[in-house]
Amino acid sequence: MDKIEITGGIRLHGEVTISGAKNAVLPIMTAAILSSGENIIKNVPNLRDVMTMGKLLAHLGFGFHLEDNQVLLQTQKVTSIEAPYDFVKTMRASVLVLGPLLARSGKARVSLPGGCAIGARPINLHIKGLEKMGAKITLSEGYIEATAKQLKGAAIYFDIPTVTGTENLMMAAALAKGTTLIENAACEPEVVDLANALISMGADIQGAGTSIIKITGVNKLRPLDYTVIPDRIETATFIAAAAITHGDIKINKCRPEHLEAVINKMKEAGVKITQKNDKLIIKGPERLSSIDIKTMPHPGFPTDMQAQFMAMMAIADGTSLITENIFENRFMHIAELKRMGADLQVEGSTATVKGVKTLTGAPVMATDLRASASLVVAALAAQGITVIDRVYHLDRGYERIENKLSLLGAKIRRIK
Ligand code: EPU
């Protein structure tokens with residue numbers, strides 16, 4: 001298993017270019033199921049999760065090829081309607097095949113995801129929505145078995161806004177008979193990107209990016225030729241890396257408008273941020289100021305940046321309260337950050353972070369994708385050497401992170 005070794009204390013300087021968004025490309029790849037032909041998706045990051053999704057789509061009978069950040073998907077025929085446990089257990093986003101497979105083939109068999117490192121993460125709302133659209137769904141031997149001769153439009157209200165739930169239903173509704181209304185829909189930029197991709201295929205979707213999405217089903221969708229948005233969480237992770245190292249960096253090819261909550265909080269913490277079209281110029285202060293955050297659905301502060309922000313607050317001036325409202329177990333990084341000298345206490349869903357003068361390098365273990373990103377951010381500022389174990393978590397969501405950080409001057413290497 002690969003490890004990453006970082007020698008901390010170096011001020012980051014230079015330019016970095018942001019890759020395509022993991023959480024946009026995964027649903028867009030599954031949207032290809034709704035078409036029959038050659039799909040082209042551009043600005044695709046070369047990530048473990050993208051490869052896993054490609055293998056899952058190949059298992060369904062599709063041609064999959066990733067080269068030069070471009071994906072080709074040949075979707076002429078479906079030879080299997082099953083997403084086996086082996087895929088779903090390595091990547092929960094595999095459940096995104098449920099809606100489009102059901103819409104295209106009239107049936108789907110998808111392994112029910114188990115719990116995961118950040119919380120229970122049920123998919124009851126995906127299932128309830130599909131049932132409202134006329135699907136018959138049973139649970140058998142750990143699998144969701146769904147059938148529907150023809151999905152029908154329906155009015156669906158989510159008790160909680162769910163990102164992949166909104167995406168699954170939007171895809172199912174795109175080929176359903178009649179109009180579907182999703183209320184309390186997720187408003188994340190990745191949901192909007194999927195809607196735009198579907199619209200480019202000929203779908204009739206209005207309101208994506210607001211809490212009410214209206215989808216009027218069409219008979220047929222054409223294959224994709226679509227360019228994915230830049231990754232807002234990768235962008236924000238680089239902001240954190242520059243902020244914590246008193247760095248001075250330019251971030252190219254990003255979408256600052258997707259990051260308003262993060263940018264505002266970073267500024268409050270003392271980070272200087274200048275925006276020029278699709279570029280951000282970041283200057284970290286000599287010492288960060290402590291501020292409080294609460295994670296919320298978009299446009300609130302994203303849960304996917306909570307861990308990295310905590311690493312920053314660990315060496316900020318004062319005490320910060322960090323509340324995680326989306327997932328019930330997304331504090332696995334705390335035990336590891338403590339091993340690096342952070343002063344952290346958790347009660348319920350709130351962590352109290354008392355800023356210390358410095359963190360020190362230590363051997364630590366990555367537990368999930370964003371937890372590992374927070375350890376990288378902390379290690380960049382820590383005195384001495386940090387070795388991060390289980391970096392395959394990092395490879396799920398950050399393209400060539402050690403190369404990008406090296407170009408910014410960080411002393412970082414992968415140990416095979
Ligand atoms: N929820 C339910 N029932 C459902 C669906 C969700 O109770 O049927 C709950 C969840 O347990 C959670 C909340 O609703 O408490 C929100 O979860 P959501 O469904 O929005 O999360 P997701 O769709 O499974 C996506 C991202 C996550 C990101 C969350 C929140 C993808 C592939 N994944 O997950 O990304 O944290 O939205 O923004 O888009 C990551 O990239 O590291 C990551 C975990």
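In each ligand, atom 1 is the first atom listed, and ligand 1 is the first ligand listed. Since the structure is predicted, the reported quantities are computational estimates derived from the model, not experimental observations.
Ligand 1 has no atom lying under 4.0 Å from any heavy atom of Arg92. Using a 4.0 Å heavy-atom cutoff, His298 is absent from the residues neighbouring ligand 1. In this structure, Glu190 falls outside the shell of residues with a heavy atom less than 4.0 angstrom from ligand 1. In this structure, Met296 does not count as a contact residue of ligand 1, since none of its heavy atoms falls inside 4.0 Å of the ligand.
Taking all atoms of both residues into account, the shortest heavy-atom contact from Gln308 to Val377 is O-CG1, 4.2 Å. Closest approach of Phe331 and Gln306 over heavy atoms only: CE2-OE1, 3.5 Å. Contact detail for Asn39 and Pro223: the closest heavy-atom pair is OD1-CA, 3.3 Å. Shortest non-hydrogen contact noted between Asp368 and Arg370 is OD1-N, 3.1 Å. Looking at every heavy atom in both residues, Ile249 comes nearest to Ile251 through CD1-CG1, 3.8 Å. Closest approach of Gly134 and Lys152 over heavy atoms only: CA-NZ, 3.8 Å.
Between Thr303 and ligand 1, a contact under 3.5 Å exists for no N or O pair. Not a single N or O atom of Ala93, backbone or side chain, sits closer than 3.5 Å to an N or O atom of ligand 1. Between Phe327 and ligand 1, not a single N/O pair is under 3.5 Å apart. Annotation: Asn124 places an N or O atom under 3.5 Å from an N or O atom of ligand 1; distance criterion only. Checked against a 3.5 angstrom limit, the closest N/O atoms of Thr162 and ligand 1 fall inside it.
Summary of contacts: the protein heavy atom closest to atom 42 (O) of ligand 1 is Arg370 NE, 2.9 Å. Nearest protein heavy-atom neighbour of atom 22 (P) of ligand 1: Thr164 OG1, 3.5 Å. Looking only at heavy atoms of the protein, atom 24 (O) of ligand 1 is closest to Arg121 NH2, 3.0 Å. Nearest non-hydrogen protein atom to atom 15 (O) of ligand 1 is Ile326 O, 2.6 Å. Scanning all protein heavy atoms for the shortest distance to atom 32 (C) of ligand 1 gives Asn23 OD1, 3.4 Å. At the shortest separation from atom 9 (C) of ligand 1 among protein heavy atoms lies Ile160 CD1, 4.1 Å. Here the protein heavy atom with the shortest distance to atom 36 (O) of ligand 1 is Asp304 OD1, 2.6 Å. Among all protein heavy atoms, the one lying closest to atom 20 (O) of ligand 1 is Val163 N, 2.8 Å.
Classification of Arg48 and Asp395 as a salt-bridged pair fails, no side-chain N sitting under 4.0 Å from a carboxylate O. Using a cutoff of 4.0 Å between basic side-chain nitrogens and carboxylate oxygens, Glu324 and Arg330 are not scored as salt-bridged. Checked for salt-bridge contact, Lys404 and Glu234 meet the test: a charged N lies under 4.0 Å from a carboxylate O. Arg232 and Asp304 are not joined by a salt bridge, as no carboxylate oxygen comes within less than 4.0 angstrom of a charged side-chain nitrogen. Salt bridge present: Asp2 and Lys416 bring a charged side-chain N and a carboxylate O closer than 4.0 Å.
Residue Lys22 approaches ligand 1 through these ligand atoms, each under 4.0 Å from one of its heavy atoms: 40 (C), 41 (O). Contact atoms of ligand 1 toward Ile123: 4 (C), 8 (O) (distance under 4.0 Å to a heavy atom of the residue). Close contacts of ligand 1 with Leu369, meaning ligand atoms under 4.0 Å from a residue heavy atom, involve 42 (O). Ligand-side atoms of ligand 1 in range of His126: 8 (O), range being under 4.0 angstrom from any heavy atom.
Residue pairs meeting the salt bridge (charged side-chain N to carboxylate O under 4.0 Å, His left out) criterion with at least one partner in residues 71-87, sequence neighbours excluded, are Glu82-Arg109, Asp86-Lys89. Screening residues 65-106 for ring-ring contact (aromatic ring centres under 6.0 Å, His included), with sequence neighbours left out, gives His59-Phe87.
Partner Phe238 forms a side-chain contact (heavy atoms from CB on, under 4.5 Å) with one of Thr17, Leu280, Ile18 and no other, that one being Ile18.
Comparing heavy-atom distances from atom 5 (C) of ligand 1 across Ser94, Pro122, Gly165 singles out Pro122 as nearest.
Neither the backbone nor the side chain of Arg396 has any atom closer than 4.0 Å to an atom of ligand 1 (non-hydrogen atoms only).
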